[in-house]
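See below for the structure under consideration.
For clarity, every value in this text was computed on a predicted model and none was experimentally measured.
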Amino acid sequence: MRILMAGASGFLGTSLAERLRRSGHEITLLVRRPAENPGEASWKPSAGQLDPALVAAADVVINLAGAGVGDKRWTARYKSLIRSSRVDTTGTIASTISKLPAADRPRALLQSSAVGWYGDTGDREVTEEAPAGTGFLADVCRVWEAAARPAEDAGTRVALLRTGLPLDARGGLLKPQMPLFRAGAGAKLGGGKQWVPWIAFADWLSAVEFVLGRDDLAGPVNLVGPEPATNAEFTRTLGKVLNRPALLQVPGLALQVALGEFAHEALRSQRVLPGVLQREGFTFAYPDLESALRVAVDAERPAVA
């Protein structure tokens with residue numbers, strides 16, 4: 001396929017673009033600077049500028065763009081950036097698709113979202129049918145997904161990739177934790193009873209490719225593993241995999257001092273299940289937490305399948 005991709009400079013996007021190229025797809029990367037390399041094209045989503053010809057030439061558009069949620073302290077300015085970096089990019093792409101003649105529209109838009117949609121679910125299991133929760137990230141996910149609606153209304157298949165926490169030592173959740181755990185300072189957060197919606201990074205890549213190849217899959221798709229674990233279980237298992245003690249605990253109050261408002265999101269419980277993937281027959285290579293963590297941290301094995 002000819003794929004137009006936004007957000008390919010991040011941890012997830014870089015690996016996904018590489019994976020799709022290896023699968024034989026032709027990838028054009030949208031960049032916000034002047035295009036300098038083959039396979040790049042410039043756009044300005046903050047100004048709603050995207051060349052319609054680029055979109056018309058694509059079979060599929062994949063949008064993973066968005067500022068990192070945990071990259072900086074949540075000031076009012078950074079919260080605004082988290083929201084605008086998602087809504088502006090998605091809205092620009094969806095609007096451009098909607099204005100194209102029907103024959104020129106891409107077949108599909110694979111639009112990034114997050115399990116933040118569900119808010120804090122406590123011990124309750126949720127699948128894609130669950131409504132949006134409450135809180136800042138749930139509100140962001142609601143407007144983020146709504147920004148893709150013009151493409152859907154125009155007849156393009158829109159799959160909303162509600163991603164959990166991909167596990168890979170090179171980025172995401174694990175990267176900042178690895179030095180602490182290797183030093184024997186691994187710790188559960190708060191009481192440790194909150195559920196963690198993890199997914200093996202290799203399975204995340206495979207799941208995106210699975211959705212890409214299924215013309216009948218539209219709407220929300222939870223990209224999470226089939227066996228969510230509590231934070232205490234996650235901490236204990238990572239310590240086991242690294243052969244290091246993980247007996248410490250970071251009190252909730254200490255997290256609030258260190259992380260500010262983001263601490264509330266770090267302590268939320270999300271028992272999210274991959275309802276659509278399981279129903280449609282997707283096979284997880286690493287369905288349990290220990291196997292997912294071992295492939296994530298084992299230097300002798302590739303993290304990308």
Side-chain angles (χ1 to χ4, degrees), residues 1-68 71 81 84-113 144 147-148 150-151 154 156-161 163 166 168-172 175 201-215 223 302-305:
M1 300 181 191
R2 292 168 299 177
I3 298 174
L4 184 65
M5 190 171 176
S9 62
F11 164 59
L12 298 178
T14 300
S15 295
L16 180 60
E18 179 185 344
R19 166 75 170 254
L20 295 176
R21 285 194 184 100
R22 290 204 310 264
S23 295
H25 302 294
E26 178 185 329
I27 312 295
T28 299
L29 306 180
L30 290 174
V31 296
R32 303 182 195 219
R33 52 172 171 75
E36 300 172 349
N37 303 307
E40 290 184 346
S42 184
W43 72 321
K44 294 182 179 179
S46 60
Q49 296 177 5
L50 172 59
D51 184 353
L54 291 170
V55 181
D59 298 309
V60 175
V61 180
I62 300 177
N63 179 25
L64 304 179
D71 291 359
L81 178 62
S84 64
S85 64
R86 287 160 171 77
V87 174
D88 291 350
T89 53
T90 305
T92 296
I93 291 170
S95 176
T96 303
I97 290 174
S98 71
K99 294 174 183 177
L100 289 171
D104 291 342
R105 292 174 198 143
R107 298 203 306 265
L109 167 60
L110 270 57
Q111 171 58 49
S112 181
S113 184
W144 191 9
T156 292
R157 174 174 73 98
V158 177
L160 302 167
L161 308 177
T163 293
D168 191 283
R170 299 168 301 173
K175 185 176 181 179
F201 187 41
D203 281 333
W204 182 85
L205 292 168
S206 296
V208 174
E209 199 164 25
F210 179 81
V211 175
L212 176 65
R214 286 285 301 269
D215 289 339
L223 302 190
V304 179

Note to self: Using side-chain heavy atoms (C-beta onward) and a distance below 4.5 Å, is T156 in contact with V61?
What the structure shows: no
Note to self: Using a 3.5 Å distance criterion without hydrogens, assess whether the side chain of S206 forms a donor-acceptor pair with backbone atoms of D203.
What the structure shows: no
Notebook entry, point to check: So, for L54 and A41, which heavy atoms are closest and what is the spacing to 0.1 Å?
Noted result: CD1-CB, 3.6 Å
Notebook entry, point to check: Taking all atoms of both residues into account, what is the closest heavy-atom pair of W43 and A6, and its distance?
Noted result: CZ2-CB, 3.7 Å
Next item on the list: Would you check if the side chain of R157 reaches a backbone N or O of R214 as a donor-acceptor pair within less than 3.5 Å?
Entry: yes
Check: Is there a side-chain contact between P106 and V55 (heavy atoms, below 4.5 Å)?
Finding: yes
Margin query: Within the 3.5 Å criterion, strictly below it, is a donor on S112 or R86 matched to an acceptor on the partner's side chain?
Written below: no
Checklist line | T28 side, atom OG1; L4 side, atom CG - distance, nearest 0.5 Å | finding: 6.0 Å
Margin query: Quick one, K99 and P52 - any side-chain contact, counting heavy atoms below 4.5 Å?
Written below: no
Next item on the list: Mind listing the closest non-hydrogen atom pair of A159 and V211 along with its distance?
Entry: CB-CG1, 3.6 Å
Next item on the list: Ignoring hydrogens and angles, tell me if any N or O in the side chain of R105 forms a donor-acceptor pair with the backbone of L100 under 3.5 Å.
Entry: yes
Checklist line | Closest non-hydrogen atom pair between M1 and H25, with its separation | finding: N-ND1, 3.0 Å
Margin query: More than 12 heavy atoms of other residues, nucleotides or ligands under 6.0 Å from CD of E26: yes or no?
Written below: no
Margin query: Given 3.5 Å as the limit, does a donor-acceptor pair link the side chain of R2 with the main chain of A57, or not?
Written below: yes
Note to self: Restricting to non-hydrogen atoms, name the atom on F201 and the atom on L12 that form the minimum distance, rounded to 0.1 Å.
What the structure shows: CE1-CD2, 3.5 Å
Next item on the list: Look up atom CD1 in I62 and atom CG in L30, then write down how far apart they are to the nearest 0.5 Å.
Entry: 11.5 Å
Next item on the list: Indicate yes or no: at least one non-hydrogen side-chain atom of L212 is less than 4.5 angstrom from one of L20.
Entry: yes
Notebook entry, point to check: Is the shortest heavy-atom distance from the side chain of L81 to the side chain of S84 under 4.5 Å?
Noted result: yes
Checklist line | Pairwise side-chain contact, D168 with W204, heavy-atom cut-off 4.5 Å (strictly under) | finding: no
Notebook entry, point to check: What are the two closest non-hydrogen atoms of L29 and A8, and how far apart are they?
Noted result: CD2-CB, 3.5 Å
Notebook entry, point to check: Less than 4.5 Å apart, any side-chain heavy atom of F11 and any of K175?
Noted result: no
Check: Measuring from N63:CG to T89:OG1, what's the distance to the nearest 0.5 Å?
Finding: 4.5 Å
Margin query: Looking at S85 and A67, would you say the former's side chain and the latter's main chain have a donor-acceptor pair under 3.5 Å?
Written below: yes
Notebook entry, point to check: If you measure from CE on M5 to CG on L64, what distance do you get to the nearest 0.5 Å?
Noted result: 4.5 Å
